[in-house]
Amino acid sequence: MVEPAPLPRPAGGPITSQLNRQVPDYLRGLNPEQKDAVMTTEGPLLVLAGAGTGKTRVLTTRIAHILNQRMAWESQILAVTFTNKAASEMKKRIHEFVPNFEGLPWMGTFHSVSARILRAHAELVDLKPQFTILDTDDQIRLIKQLLAADNIDEKRWPARQFANMLDGWKNRGWLPKDVPASESGYFANGKGGQLYYDYQARLKTLNATDFGDLLLECIRLFLENPEVLAEYHRKFKYMLVDEYQDSNTAQYLWLRLLAQGKPAPEANICVVGDDDQSIYGWRGAEVDNILRFEKDFPGAKVIKLERNYRSTANILKAASTLIAFNEDRLGKTLHTDIAEAGETISFTQVYDSEEEARTVGEEIEQYQRAGEPLNSMAILVRASFQMRELEERFITLGLNYRVVGGPRFYERKEIRDALAYLRLVAQPADDLAFERIINVPKRGLGDTTVKTLMETARHQNVSLLSATRMLTETEELKPKQRTTLRGLVDQFDNWAYRAENLAPYQLVEQILEESGYMDMLAADKSAESQGRKENLKELSRSMEEFESLGGFLEHISLVMDRDSAEASDAVTIMTLHSAKGLEFNTVFLTGWEEGTFPSQRSMDENGRAGLEEERRLAYVGITRGRKRVRISAAQNRRIHGLWQSAMPSRFVDELPPDAVTVTDRGSAYGGYGYGGGATSRFNKADPFESLYETPGWQRARANQANRKGGGPMTIEGELVARSVDLGGQSSGYTVGERVFHLKFGYGDVKSVEGNKLTIEFEKAGMKKVLESFVQKG
DNA sequence: ACAGGGGCAAGTTGG
DNA sequence: TTGCCCCTGT
């Protein structure tokens, strides 16, 4: 991973010695716009910072400046980010300016700051201060219970779907009463709205919130208790927000409430963002928030950072030309002071995704031989299913790689199990944790037993653990189960007792041992069990710095990320989304095919807005590269196990021809070259009306008309070879159907044998082809 | 109570 | 293709 240039340390040592200097050291090396953004501390400020323009540096310097000039105490600054990673990066970099800096108490994610505020005033929103924060997994299990209780068919109305809807509502700042029937009515034939009420009621019973509630309940707290809000108005003198383009409506409301302590022209709020890098619309982010900042805060100053310190002129030109195809943007143009244009961007079309993986692998090795570290190279894909082929190829090559964004540490089963034990010790009312571990490891307590426990809990209106305690005193359960439960309850009492004096990391080790969890892993012969044991050790190690169990659980529910700064030299494979904010010398952008990127689904669901978000994703991808960007498209790709062909992405056509070099490896197989040029720009008035109207398809048609017979005979061999792994697939085509083939053009199906079709093509004559190579005509 | 097989769907991700 | 969920058989 490439570290940004280190910030200059203040030469004068402690802050006091720097007071009253005219130009503090930390301002040196900033360009005029950056300096302006740092020094404009009073009033609302919008910093539009393009990719690679030193956004983080401006934010951190600004905070350092405020502290240095003693404009505010640390506790009077509120700095919010979206990710823990961004927050810790900011803390680290401020520390470089201010050696005796002890950490800003109010610097963190929206969610962690909200949680902190909520714990201080929990009783005002019907919670107890030690409330649990549920993650997505808990949330879904809770919803499943509600669906079951309401006799809603979970197949027809999946819990996950409701969770997504719920998330969307909460992102928009809607409490149960605010959800319009037109939104909620759809789910489970009109029961959606009521489910939201029931869900919230369950959360209160569990003394829990989900992530969305951290913000929503905070907003409710402020609205219903003006004196509490006023307290924070007095408290925060300066507010800063990073990645403002990613904010959703709830976050927006939260911010406005906090920022409006003073009349708008005096609110010291600084938001930093880039509308061109807004790629989380599907998650509820509203680009509109950044677009209307000047209206929200009349008199706001706007500073654009357009000087890019990262990429070559060719890369910037490509990115700028591409993003200019978007209509919804504030409009910035990146430029650089570097005179050299650098390498041109390369675009390569290959036969299929396997060849793409092969080519990328070869090129990486080539650069590696030329002395480039693997750490400086990355492959960015649109969707994670594209990673597998790359990984397989790299394993074959023995090429060291690392995948970013796989299942995260805390999402692993064994970690979640261990956490469930700890949660139950800390909060005996945590029924979700109880359900998770009651029979893990296996104790012979099955559905029947759990059902009895749940019934008792509901009737007596107590937690599952209390219900268990009660049932060990009665004859309701079979003796075997009763004994087991008695033992379990005793264990939990014991652990809770020990939790008072024992360090959390010791407690977790003892729990895992005494519960039989370690024995279970030891007995497990599968390849994974060793890794699970190591993960649990890692968990215990990460707990060493925590003195109380409560403190650790708070941390884990909000952070739950393992920052694994792996030291070894490896190529990074990750999605475009997770690459935002990073940079690499060499970037490979694979899978630039219509349907894959831009994603068909995105366009179908969100039309032009969807397409524009995809384009911003392309922009993010290109601007990750410092020296070299290599784009590729495969003519054929296996999607969900079926081979499908596709045209190169329309985004390829939107790159400036003079900054791009085209290498067409696909041509040997009858592919077509890169059309390029202004003539093949796609029709902006109607960009997603039909896939077949895109320039790629137009070119393909023109090409197949010129080419007639298609490629050399090797294709046939290739096709036959492929039919092996497709054998037995039943055909989706019928005799007489009209189809379109990438190389042979239009034709009619003459016969069908499994997945092989005999087609009479208009231009190419009779051919046998696999159905996966044709499209319905 | 629990293991194994069949059916079905499949996106990007943060807290 | 894989992975998850449900159902069935022991």
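In what follows, chains carry the letters A, B, and so on, assigned in the order in which the sequence lines appear, proteins first and then strands, with residues in each chain numbered from 1.
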Ring centroid separation for A/H121 and A/F222, is it under 6.0 angstrom? no

Would you kindly give the [atom1]-to-[atom2] distance between [X] and [N], to the nearest whole Å?
X      : N      : atom1 : atom2 : result
A/M574 : B/dT13 : CE    : P     : 11 Å
A/Y410 : B/dT13 : OH    : P     : 12 Å
A/L445 : B/dC2  : CG    : P     : 8 Å
A/F82  : B/dG15 : CZ    : P     : 11 Å
A/I143 : C/dC5  : CD1   : P     : 14 Å
A/H111 : B/dG15 : NE2   : P     : 9 Å
A/W157 : C/dC5  : CH2   : P     : 20 Å
A/I279 : B/dT13 : CD1   : P     : 9 Å

Quote, to the nearest angstrom, the C1' distance that separates C/dC5 from B/dT12. 24 Å

Distance between the C1' atoms of C/dG3 and B/dG14, in whole angstroms? 23 Å

Between A/E593 and A/A634, is there a donor-acceptor pair closer than 3.5 Å when you use the side chain of the first and the backbone of the second? yes

If you look at every strand shown and take non-hydrogen atoms under 4.0 Å, does [X] touch a base, only sugar-phosphate, or nothing?
X      : value
A/T136 : base
A/D604 : nothing
A/D210 : nothing
A/S114 : nothing

Name the residue closer to the 5' end of DNA chain B, choosing between A/R601 and A/T449 according to the nucleotide with the nearest heavy atom. A/T449

Among the nucleotides [options], which one has an atom lying closest to any side-chain atom of [X]?
X      : options                : result
A/E614 : B/dA1, B/dG11, B/dC2   : B/dG11
A/F211 : B/dG11, B/dG15, B/dT13 : B/dG15
A/T575 : B/dA3, B/dG15, B/dT12  : B/dT12
A/E605 : B/dG11, B/dT13, B/dC2  : B/dG11
A/K442 : B/dC2, B/dG14, B/dT12  : B/dC2
A/R382 : B/dT12, C/dT1, B/dG15  : B/dT12
A/R283 : B/dA1, B/dT12, B/dT13  : B/dT13
A/R388 : B/dA3, B/dG11, C/dT2   : C/dT2
A/K144 : B/dA1, B/dT13, C/dC5   : C/dC5

Within the stacking criterion (centroid distance below 5.5 Å, interplanar angle below 30°), does A/W282 stack on B/dT12? yes

Do we count A/H640 as stacking onto B/dA10 if the rule is ring centres under 5.5 Å and planes under 30°? yes

Are OP1 or OP2 of [N] and a side-chain N or O of [X] less than 4.0 angstrom apart?
X      : N      : result
A/N439 : B/dC2  : yes
A/N84  : B/dG15 : yes
A/T109 : B/dG14 : no
A/S384 : B/dT12 : yes

Can you confirm whether the side chains of A/S353 and A/E389 place a donor and an acceptor under 3.5 Å from each other? yes

Just checking, is any N or O donor in the side chain of A/Y517 or A/D417 under 3.5 Å from an acceptor N or O on the other one? yes

NZ/NE/NH1/NH2 to OD/OE distance under 4.0 Å, [X] and [Y]:
X      : Y      : result
A/D328 : A/R608 : yes
A/D213 : A/K170 : yes
A/D246 : A/R283 : no

No-H, no-angle donor-acceptor pair, A/S599 side chain to B/dG11 base, under 3.5 Å: yes

